Amino acid sequence: MKRINPIFKNNMYVKVRSMKLAMLILIYDAVLLFIALFGFEIGLNQNLNDNIDYSTALKVYTLLTCVEVLMVIAIMPSLTAVSISNEREKKTLDILLSTGIKPRKIIIGKFYEAELTIMLYIISALPVLSIVFTIGGIQVADLVKFLIEIITTTVFIGSIGILFSSLCKTTIRAMVSTFVTIFIILFLTVGIAVAAVYIFGFFEDRLAQGIDISKISYILIINPVIDILVMVFKQYGNINIIAEFIEKLGITTDMIKYWSLLSVIARLFLSLVFLWLSCRIIDPMKNRKPQKDIIDPED
Amino acid sequence: MIEVKDVSIVYDNRIITDRISFELKAGRVMAFIGENGAGKSTTLKLLAGLIRPDGGDVLFKGESIYKDLSAYQKKVGYMPDYFGVYDNLSVIEYLNFFCDIYGIPKKKIHDVTNSLIERFGLQSYVNDNVDILSMGLKQRLGLARTLINDPDFLVLDEPMSGMDIVSKHEFKEFILDIQEEGKGIIISSHALNELSEVCTDICIIERGQIKALSDMEEIMAGINLKNPIYINVISDTEKAVALLKERPEVLSVSIDENTLMVNVKGGKRVEADVLESLIENGVKISGYTRKKGNLDMLFMKYVSEKEWQE
């Protein structure tokens with residue numbers, strides 16, 4: 001029988017027996033529950049009549065999914081950016097590497113640990129998301145699609161965290177670098193896309209034919225929040241505010257057709273690259289730089 | 001067993017070790033000493049498979065360790081110059097974790113950890129958290145960890161730093177015990193006199209170069225010969241001094257009450273001749289000793305030579 005990754009096993013063992021994880025999951029669920037209940041309260045009672053506005057369920061669902069994705073994006077770096085740098089700070093990484101364990105096993109163990117932890121958060125929040133089913137308008141398939149999206153996001157963000165954790169000597173640096181990268185992915189990509197669309201619209205007549213600047217919107221394919229919005233738009237195209245936003249980003253109807261699939265593939269591919277790089281970085285046999293201009297200590 | 005062959009390591013374009021070569025044999029304990037920054041820890045990391053050299057090779061049983069580094073590392077027990085703590089792990093969990101890392105079969109883990117706990121006297125601390133243990137206990141646990149996979153040799157970097165006298169004594173006993181099993185051990189430490197009690201070989205590294213490499217007894221005998229002899233004279237101190245100064249083999253003589261401190265050039269036979277001539281000339285001698293050399297003296301000799309050259 002194949003053995004469980006020892007790094008994963010040990011770290012999870014220590015993590016799940018502490019109250020900290022249980023308390024954090026409680027807070028996570030409480031935030032989502034508050035949004036769900038508050039959303040329904042506002043949406044269903046605002047007209048003060050007996051009619052039920054079913055679009056409220058969609059709006060609450062959209063709000064919940066976006067908030068959950070943002071929360072996951074905020075939590076994941078704290079799980080992964082500490083993983084390797086913390087071992088380095090505690091000076092246990094050398095001990096691990098001297099045992100003959102493959103660097104790949106260390107990275108995978110840390111990655112599994114972070115994934116399983118975040119999955120505990122996500123699964124614990126499923127009943128909250130399912131509140132929407134009590135009103136209707138959402139199908140189980142939609143929830144499954146959302147789960148695929150959010151898991152891809154955790155893999156993507158997690159791999160970025162592990163990469164910086166392997167690169168940076170201190171946890172603080174790793175954390176800051178991860179958050180800066182996430183900020184770039186979430187906001188800078190949107191900024192570039194919006195700017196490109198406006199510039200394209202403004203100079204459209206004067207641009208040389210054959211150059212389609214709107215293709216720059218594909219930069220958004222790695223942006224998990226945009227992907228969630230496109231997914232919701234595809235599921236319930238009647239949410240105007242999302243439709244307008246997607247249009248402003250230059251994402252056309254043709255692009256939307258395969259957007260989610262491409263986004264998932266792109267992010268998973270990048271994740272694999274980041275994890276592979278992390279393995280190489282911590283591998284003492286592969287991370288030496290060629291030396292130039294050698295200084296002799298006798299000099 | 002393990003042979004470091006012309007190894008050069010360069011970091012940040014600075015030479016850390018410069019074509020160093022030495023060999024550690026089974027059942028031998030090598031003291032690896034040098035000043036801070038001499039390249040000790042780097043060399044020990046090299047032996048633990050944590051650094052790839054920029055030149056040269058490391059051979060284990062005649063084969064380059066880099067052919068199958070992972071398999072080689074399973075034959076080495078490495079203890080760094082710090083004790084890496086895993087929060088919230090007890091002593092038994094710590095050992096179990098490393099049993100898992102080394103891939104010890106589940107059925108054997110209990111036996112392995114129990115025998116190590118017993119061997120290193122950790123029975124009373126089995127359920128204590130590792131991070132609250134004293135330095136001596138942590139080092140004991142660290143040494144126990146290095147033996148989980150029953151390695152062929154151990155690489156111990158400053159294992160006695162921060163230990164009290166009792167812990168140091170216990171640690172030396174453990175080292176001798178491990179040596180009796182036929183395992184090779186290489187130890188770096190600043191506690192040089194403690195090392196001289198357990199080590200069979202010595203290697204002095206200075207600025208990335210091996211300055212001395214020898215059998216401990218041999219090198220200590222050499223140092224002893226260079227030490228002055230102390231001759232306790234009952235009377236005729238001045239006559240004794242005069243007689244000694246006449247002999248060309250006597251380099252210097254100094255007096256402290258009735259004790260003469262004499263530096264003699266040559267081996268033990270010359271010393272015997274000198275003593276004999278004193279007795280033949282009627283000088284009454286009540287005692288004869290030689291200050292025994294130790295690693296501190298040997299090391300200081302190399303350091304002072306270096307300073308003198310500078």
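As the structure is a prediction and not an experimental result, all values here were calculated from the model. Numbered from 1 within each chain, the chains take letters A, B, ... in sequence-line order. Side chains included, hydrogens not; waters and symmetry mates left out as well; all remaining heavy atoms used.
A distance of 11.5 Å separates SG of A/Cys279 from NZ of A/Lys102, quoted to the nearest 0.5 Å. In this structure, CD1 on B/Ile33 lies 9.0 Å from NZ on B/Lys40, to the nearest 0.5 angstrom.
Using modelled atom types and a 3.5 Å distance limit, the side chains of B/Ser8 and B/Asp54 yield no donor-acceptor pair.
Note: A/Glu87 leads A/Lys105, A/Glu87, A/Glu89 in heavy-atom pairs under 4.5 Å with chain B. The candidate with the highest count of non-hydrogen atom pairs below 4.5 Å against chain A, out of B/Gly103, B/Cys99, B/Gly49, B/Ala71, is B/Gly103.
In this structure, no portion of B/Lys75 lies under 4.5 Å from any heavy atom of chain A. The contact between B/Leu69 and chain A is made entirely by side chain atoms (from C-beta outward), counting heavy-atom distances below 4.5 Å. Proximity to chain A is absent for every atom of B/Tyr72, based on heavy atoms less than 4.5 angstrom apart. In this structure, chain A has heavy atoms under 4.5 Å from both the backbone and the side chain of B/Leu89. With a 4.5 Å cut-off on non-hydrogen atoms, A/Ile7 touches chain B through its backbone and its side chain both.
Taking the ring axis of B/Tyr66 as reference, the NZ or CZ atom of B/Arg52 stays within 45° of it and closer than 6.0 Å to the ring centre.
For B/Tyr94 and B/Phe98, the ring centers are positioned less than 6.0 Å apart.
Side-chain N or O atoms of B/Arg145 include one that pairs as donor or acceptor with a backbone N or O of B/Tyr78 at under 3.5 Å.
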